[in-house]
Amino acid sequence: MSAVVTYWAEHAWLPHVNGPVVERDVLIAVGPGGRIAKVTPDSGPCPSGAIRLGGLVLPGHANAHSHAFHRALRGNVQVGSGTFWTWRDTMYRFAGALDPDSYLELATAVYAEMALAGITAVGEFHYLHHAPGGVRYDNPNAMGEALIEAALRAGIRITLLDTCYLSSGFGAEPTKPQLRFSDGDADSWAERISELKPAEHARIGAAVHSVRAVPAEQLGTVAHWAVMRKAPLHVHLSEQTAENDACLAAHGVTPTRLLGDHGVLGPRTSVVHATHLTDEDIHLLSDTSTVVCMCPTTERDLADGIGPARRLASSGCPITLGSDSHAVIDPFEEARALELDERLRTRTRGHWTANALLRASTEDGHASLGWSEAGRIEAGSLADFCAVALDTVRTAGPRPALGAEIAVFAASAADVRHVVVGGRHIVRDGVHQLVPDVPKALAEAIAALQ
Ligand SMILES: [Zn+2]
């Protein structure tokens with residue numbers, strides 16, 4: 001395979017039989033179709049004709065759980081007291097102001113912010129389907145298609161996790177703000193989502209909003225849709241103890257057990273948060289090889305609690321990471337939070353290696369979104385990667401052997417200098433090549449909602 005474009009990485013984090021290693025002077029040749037044709041470590045100085053990427057090159061991060069419009073809440077919800085539930089009322093007010101045009105503008109800016117942070121694929125957990133009052137747009141998928149278009153404009157991949165959301169709680173009618181989310185029943189949801197078309201940068205997956213929002217007897221319809229298409233299936237799970245209490249009252253079982261009993265769990269399923277689990281829940285998730293998506297910056301922002309990520313991983317559940325409410329968008333911060341939260345809880349260090357945290361943020365995240373051919377810098381993989389500068393105030397300093405630790409435990413989104421998606425150089429020297437002024441785009445899109 002002949003190279004279409006060749007990158008040269010000062011350092012790159014590469015897969016190896018004994019676990020990932022950081023190599024020097026790595027040539028990454030990208031072939032047709034935006035896939036990596038060849039990776040050559042120790043290649044010597046950057047040859048003429050290759051694009052030089054200084055610092056440490058990592059696979060692109062997968063943001064496995066996003067609600068793009070929550071970005072509009074940043075800084076607007078950090079006053080006063082309250083709970084997850086009072087935060088949700090504010091979130092509904094912003095949701096009520098969006099239409100397909102304004103959501104396209106906002107999501108383009110948010111996905112561009114993600115690109116600047118080194119994120120090359122997003123799992124958009126999308127439930128804002130219809131016009132206020134639940135009125136159908138002429139194109140009932142106008143909102144979802146706006147998100148797919150937004151990812152294209154921002155240069156990143158998207159898995160649109162089109163979400164079934166029918167009830168305000170265990171069969172009760174949706175409340176007024178929730179009418180925009182509901183298709184009426186799961187069959188109508190399946191009919192609508194089946195019209196969504198994938199694209200080179202976009203794949204379609206399914207989601208159950210939660211056991212609150214989809215009545216138990218309709219969970220199987222959503223699971224069946226995903227199984228038939230071998231599509232990813234995501235679901236919010238036990239972020240709040242109130243959900244567990246209500247599920248026990250309604251069904252006499254935990255939310256995890258209810259999902260298991262209706263065929264929702266399995267290796268193509270990601271449960272999001274999984275904060276408040278019983279021992280039996282953890283066994284059920286590991287027995288079904290279910291993926292667990294943690295969103296640590298959101299979970300701490302919303303005072304959810306610390307989920308049992310380490311126990312789940314040790315039981316065999318792949319772990320992924322998402323920025324969810326976008327309190328911040330920083331995949332390095334999400335990754336190290338798994339370890340740092342565990343340190344606070346246990347008062348001991350060393351639960352996760354930097355390599356394991358990076359794997360959650362890259363390879364396992366991509367697989368959970370249906371992009372199993374991305375997330376590794378090796379021949380045959382999609383050429384999606386980012387370069388973290390090692391000469392900033394956060395990352396500067398000599399170190400005897402370079403590993404992933406400096407990136408995972410000290411770098412921030414602001415240290416990402418280059419991002420490549422499908423071989424295309426979408427962030428160059430910290431500047432987005434498709435959305436030239438991302439802060440301005442964010443400011444204008446959010447101002448339009450206020
Ligand atoms: Zn969420």
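Model, not experiment: these values are computed from the prediction. Note that ligands are numbered from 1 as they come in the structure, with each ligand's atoms numbered from 1 the same way.
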### Task
Taking the side chain as every heavy atom from C-beta outward, state whether L434 and R424 have any pair of such atoms under 4.5 Å apart.
yes
### D324, N/O/S atom nearest the Zn ion (ligand 1)
OD1
### Summary
Closest to the Zn ion (ligand 1), among the N/O/S atoms of H65, is atom NE2
### Message
Please tell me whether R192 and S188 have a donor and an acceptor in their side chains that are separated by less than 3.5 angstrom.
### Response
no
### Message
Whether the side chain of N63 engages the backbone of M114 through a donor-acceptor N/O pair (distance < 3.5 Å, no angle test) should be reported.
### Response
no
### Task
To the nearest 10 degrees, calculate the angle at the Zn ion (ligand 1) involving NE2 of H67 and NE2 of H236.
110°
### Neighbour count >12 (heavy atoms, 6.0 Å) for atom CD, Q433
yes
### Message
Counting the benzene-type ring for Trp, do H67 and Y127 have ring centres under 6.0 Å apart?
### Response
yes
### Task
Would you check if the Zn ion (ligand 1) lies under 2.8 Å from any N, O or S atom of H273?
no
### Query
Under 2.8 Å from the Zn ion (ligand 1), is there an N/O/S atom belonging to C295?
no
